[in-house]
Amino acid sequence: MEQPLVSVVLPTWNRAAYLPRAIKSVLTQDYGRLELIVVDDGSTDDTRQIVGAMEDGRIRYMRTPSNRGVSAARNAGIRRACGEYIAFQDSDDVWLPGKLEKQVRVLSACSADTALVYHPMSRTAEKGERRLIPDDGIPAEDRSGRLFEKLLRRNYIGAPAVCVRRSALTGPEGVGVFDTGMPILEDYELLLRLAKRYEIAYIDEVLIDTFQLSGGTNTDPRKGIVSHAMLAGKFREELKRLGMFEGRLSQLREFGRLVHAEPLAEAAIEQYCIK
C-alpha cells in the first residue's frame with residue numbers, strides 16, 4: 001500500500017537566515033512522501049533566492065504580494081496542499097529525526113474520528129531558557145482522546161507539533177482553516193474547533209525544537225486582549241456551561257489593568273463577548 005502524501009506548510013517572512021535549517025530538517029526526514037509548501041509572505045530579504053537554490057522536487061514555493069500574516073499564509077498553503085495529511089513547520093524551527101514517520105504511523109492507525117496527532121515540543125527562549133509544551137503538569141490522561149473541555153481551560157498543543165487530516169479542515173465535515181481576523185491565538189482557536197468535533201492522538205516524545213525569537217506578534221499585549229476576547233466570544237456557550245465565562249471576562253479586565261489598556265479590554269469585551 002502506498003504511503004499517504006503529507007503536505008508540510010511552512011509560512012515565512014524575512015527569516016532567510018533561519019530558513020535553510022528549517023527546510024533541511026523537513027527534507028531529511030526518513031518519511032519521504034511529502035511536499036513542502038513554502039509560503040513566502042511578502043518577504044523583503046533573499047528568501048526567494050534561498051528557496052530557489054534548494055534543488056529538491058518536493059519543494060513548492062509560492063509568494064504572496066504583501067505581508068498578510070501567518071494565518072493567511074498557512075491558509076494559502078492549505079489551499080495548495082495535495083496531501084492526505086497536513087503538517088506545519090515554522091521557518092525558525094527544527095524537526096527532529098523520525099517526527100513525520102511516527103506521526104503518520106499513529107494517525108494512519110486511527111479511525112477517521114481522530115483528526116490529528118501531536119507530540120511535545122521544546123521551546124527555547126532567546127536567553128536560553130528551555131521548556132516543554134505540554135509540560136509535566138498535564139496528566140497523561142489529558143493528552144489524548146476528547147480534549148475540548150480540557151483545552152478550553154488551557155492550551156498545551158503547539159501548531160508546529162501537529163499533523164492533521166486535511167479532510168478535518170477542508171472536507172465536507174471539516175471545521176475550516178485559520179481565522180485571519182484574529183491578531184494572535186489563531187492556532188489555538190482552530191485547535192479548539194477541531195477538538196470540539198474530533199478526537200486527538202498523542203505521541204509521548206519530543207520531535208521538534210522551537211525557538212522564541214524577537215520580532216514576533218505574540219508579545220503585543222493589545223493583540224492578546226483582543227484575541228482572548230474573541231476566543232471567549234466564540235466559545236461563550238461552552239464557557240458558560242463550564243462556569244468559566246465570567247472568570248474569563250474578569251481575567252481580561254485584570255490583564256487590561258496590568259498593561260494600562262483598560263478601555264481596550266472593555267471595548268473588546270463589549271464587541272466580542274456581550275451580545
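Of the listed residues (T47, D41, D40), just one forms a side-chain hydrogen bond (donor to acceptor under 3.5 Å, both in side chains) with R63, and that residue is D40. Among N14, I50, T12, the one residue that satisfies the side chain to side chain contact (heavy atoms under 4.5 Å, CB included) test with D45 is N14.
W95 and Q89 share a donor-acceptor pair across their side chains, judged by distance under 3.5 Å alone. Side-chain contact check for H119 and K99: at least one donor-acceptor pair (N or O, by modelled atom type) lies under 3.5 Å. The closest side-chain donor-acceptor pair between T210 and R123 falls under 3.5 angstrom. Under the 3.5 Å distance criterion, with hydrogens and angles disregarded, no donor-acceptor pair is assigned to the side chains of Y188 and S227.
Shown here for Y202 and R143, the closest heavy-atom pair between the two residues is OH-NH1, 2.8 Å. The two residues R236 and C273 come nearest to each other via the heavy atoms CD-O, 3.5 Å. The two atoms that bring S122 and D209 nearest to each other are OG-OD1, 2.6 Å, heavy atoms only. Across all their heavy atoms, G174 and R197 have their closest contact at O-NH1, 3.4 Å. In terms of heavy-atom proximity, S108 sits nearest to Y85 at OG-OH, 3.1 Å. Residues I37 and A81 share a closest heavy-atom pair of CD1-CA, 3.6 Å.
Annotation for D30: atom CG counts as buried by contact number, over 12 foreign heavy atoms lying within 6.0 Å. Counting non-hydrogen atoms of neighbouring residues, nucleotides and ligands closer than 6.0 angstrom, the CD atom of E141 exceeds 12 such neighbours.
Taken to the nearest 0.5 Å, the CG atom of L242 stands 11.5 Å off from the CD atom of E237. Atom OG of S66 is separated from atom CH2 of W13 by 11.0 Å, given to the nearest 0.5 angstrom. Separating the CZ atom in R166 from the SG atom in C82 is a distance of 6.5 Å, to the nearest 0.5 Å. Separating the NZ atom in K234 from the CE atom in M182 is a distance of 6.0 Å, to the nearest 0.5 Å. The CG atom of L19 lies 6.0 Å from the CG atom of L10; values are rounded to the nearest 0.5 Å. Here the CG-CG distance, from D179 to L190, works out to 9.5 Å after rounding to the nearest 0.5 Å.
The existence of a salt bridge linking D56 and R58 is confirmed by a sub-4.0 Å separation between a basic side-chain nitrogen and an acidic carboxylate oxygen. Of the charged side-chain nitrogens involved, none lies within less than 4.0 Å of a carboxylate oxygen, so that E35 and R80 do not count as a salt-bridged pair. The pair E262-R253 fails the salt-bridge criterion, with no side-chain N (NZ, NE, NH1 or NH2) lying under 4.0 Å from an Asp/Glu carboxylate O. A salt bridge links E189 to R193: one of the charged nitrogens lies within less than 4.0 Å of a carboxylate oxygen. Looking at R146 and D113, no side-chain N of the basic residue comes within less than 4.0 Å of a carboxylate O on the acidic one, giving no salt bridge. Electrostatic pairing of E149 and R241 counts as a salt bridge here, judged by a charged N lying under 4.0 Å from a carboxylate O.
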Chi angles and distances behind the side-chain contact (heavy atoms from CB on, under 4.5 Å) call for L132, V206: CA-CA 8 Å; L132 293 183; V206 177; 3.9 Å; yes
Using the side-chain contact (heavy atoms from CB on, under 4.5 Å) rule, take V162 and L194 through it: C-alpha gap first, then chi angles, then the decisive distance, then the call. CA-CA 12 Å; V162 165; L194 286 164; over 6 Å; no
Could you walk me through whether I78 and F178 satisfy the side-chain contact (heavy atoms from CB on, under 4.5 Å) test, starting with their C-alpha distance in whole Å, then the side-chain angles of each, then the deciding distance to 0.1 Å, before giving a yes or no? CA-CA 10 Å; I78 291 169; F178 293 95; 4.0 Å; yes
Please test K196 against E238 for salt bridge (charged side-chain N to carboxylate O under 4.0 Å, His left out), starting from the C-alpha separation and ending with a verdict. CA-CA 10 Å; K196 188 175 179 180; E238 293 85 355; 2.4 Å; yes
Would R21 and V94 count as a side-chain contact (heavy atoms from CB on, under 4.5 Å) here? Give the steps. CA-CA 7 Å; R21 181 183 65 178; V94 177; 3.4 Å; yes
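Side-chain contact between L264 and V226 is present, with heavy atoms from C-beta onward closer than 4.5 Å. Counting heavy atoms from C-beta on, the side chains of Y118 and C163 never come closer than 4.5 Å. Counting heavy atoms from C-beta on, the side chains of I133 and P120 never come closer than 4.5 Å. Using a 4.5 Å cut-off on side-chain heavy atoms (C-beta onward), L192 and N155 make no contact. Side-chain contact between F245 and S250 is absent, with no heavy atoms from C-beta onward closer than 4.5 Å. Between P183 and M230, the closest side-chain pair of non-hydrogen atoms falls below 4.5 Å. With contacts defined as side-chain heavy-atom distances shorter than 4.5 Å, the pair L116/L191 qualifies. Side-chain contact between E173 and S167: absent, with no pair of heavy atoms (C-beta onward) separated by less than 4.5 Å.
Taken together through direct or relayed side-chain contacts under 4.5 Å among Ile, Leu, Val, Met, Phe, Trp and Tyr, I200 and V164 form part of one hydrophobic cluster. Taken together through direct or relayed side-chain contacts under 4.5 Å among Ile, Leu, Val, Met, Phe, Trp and Tyr, V175 and F235 form part of one hydrophobic cluster. Transitive grouping of hydrophobic side chains (ILVMFWY, heavy atoms separated by less than 4.5 Å) keeps I203 and Y198 in distinct clusters. Hydrophobic clustering (side-chain heavy atoms under 4.5 Å, transitive across Ile, Leu, Val, Met, Phe, Trp, Tyr) groups L252 together with V259. In the hydrophobic cluster analysis, where Ile, Leu, Val, Met, Phe, Trp and Tyr join through side-chain heavy atoms closer than 4.5 angstrom, I23 is grouped apart from M62.
Cation-pi geometry between R74 and F88 is satisfied (NZ or CZ under 6.0 Å from the ring centre, within 45° of the ring normal).
For the side-chain contact (heavy atoms from CB on, under 4.5 Å) test, residues two or more places apart in sequence or in another chain that qualify with D142 are I138, P139, K150, Y156. Not counting sequence neighbours, the partners of A268 by the side-chain contact (heavy atoms from CB on, under 4.5 Å) test are I225, A229, Y272.
Between the side chain of E84 and the main chain of L5, no donor-acceptor pair closer than 3.5 Å is present. No donor-acceptor distance shorter than 3.5 angstrom exists from the side chain of T114 to the backbone of C110, with no hydrogens or angles considered. A donor-acceptor pair under 3.5 Å is formed between the side chain of D93 and the backbone N or O of F211. Side chain of S25 to backbone of A22: a donor-acceptor contact under 3.5 angstrom is found. A donor-acceptor pair under 3.5 Å is formed between the side chain of Q103 and the backbone N or O of A161. S7 places a side-chain N or O within donor-acceptor distance of the main-chain N or O of G83, the cut-off being under 3.5 Å.
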